[in-house]
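Below you'll find the structure, written out as structure tokens, and then a few comments.
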Amino acid sequence: MLRCMRTTLSLDPDVAAMLDAEQKRAGEPYKKVVNAALRAGLHKMNAPRRKTAPFQTKPVKLGRCLVGSIDDVAEVLAVGEGESFS
């Protein structure tokens, strides 16, 4: 049989603030709020995860290249800004 365990935890400030807010909202003892939060979080962490298909992008034809070489940054910027470049 499992027994209650008494322990000391160091909580991050944001976690402590959320627990304080929940304790005030619920009007329950801090111990009960902490146990409920841990229980819910552990159930979620241990729940089976649904496998999803990897994200894929579809190719799109963009037409011909408008600049001679994308290595020529000045030309690329000029074409992109609508300037005549010679």
Side-chain angles (χ1 to χ4, degrees):
M1 175 165 77
L2 294 176
R3 297 175 189 222
C4 290
M5 181 176 84
R6 186 176 196 96
T7 189
T8 301
L9 293 174
S10 295
L11 301 174
D12 290 339
D14 62 319
V15 174
M18 287 188 283
L19 284 169
D20 286 340
E22 179 59 20
Q23 191 265 331
K24 288 175 185 159
R25 186 200 66 76
E28 298 284 350
Y30 202 73
K31 174 183 171 179
K32 191 170 184 179
V33 172
V34 170
N35 278 305
L38 286 170
R39 196 172 286 114
L42 289 169
H43 279 296
K44 186 174 180 178
M45 288 172 66
N46 293 318
R49 289 177 178 79
R50 179 171 59 125
K51 293 196 177 190
T52 58
F55 182 78
Q56 294 182 347
T57 57
K58 295 177 182 174
V60 177
K61 287 195 176 223
L62 299 175
R64 67 177 185 83
C65 183
L66 300 176
V67 293
S69 169
I70 61 171
D71 292 331
D72 186 351
V73 176
E75 181 183 4
V76 172
L77 290 173
V79 171
E81 294 173 354
E83 297 174 10
S84 175
F85 188 80
S86 304

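Cluster annotation: V73 is not connected to V79 through the hydrophobic network of ILVMFWY side chains, with a link wherever side-chain heavy atoms come within less than 4.5 Å.
Here E22 contributes atom CD and K32 contributes atom NZ; the two are 11.5 Å apart, rounded to the nearest 0.5 Å. From L42, atom CG reaches atom CG of N35 across 10.5 Å, with rounding to the nearest 0.5 Å. In this structure, L77 CG and E81 CD are separated by 5.5 Å, a value rounded to the nearest 0.5 Å. Rounded to the nearest 0.5 angstrom, L19 CG and L9 CG are separated by 9.5 Å. The CE atom of M18 lies 9.0 Å from the CG atom of D12; values are rounded to the nearest 0.5 Å.
Residue S69 comes nearest to V76 through the heavy atom pair O-CG2, 3.9 Å, listed as atom of the first residue, atom of the second, then distance. Between Q23 and E28, the shortest heavy-atom contact is NE2-O, 2.9 Å.
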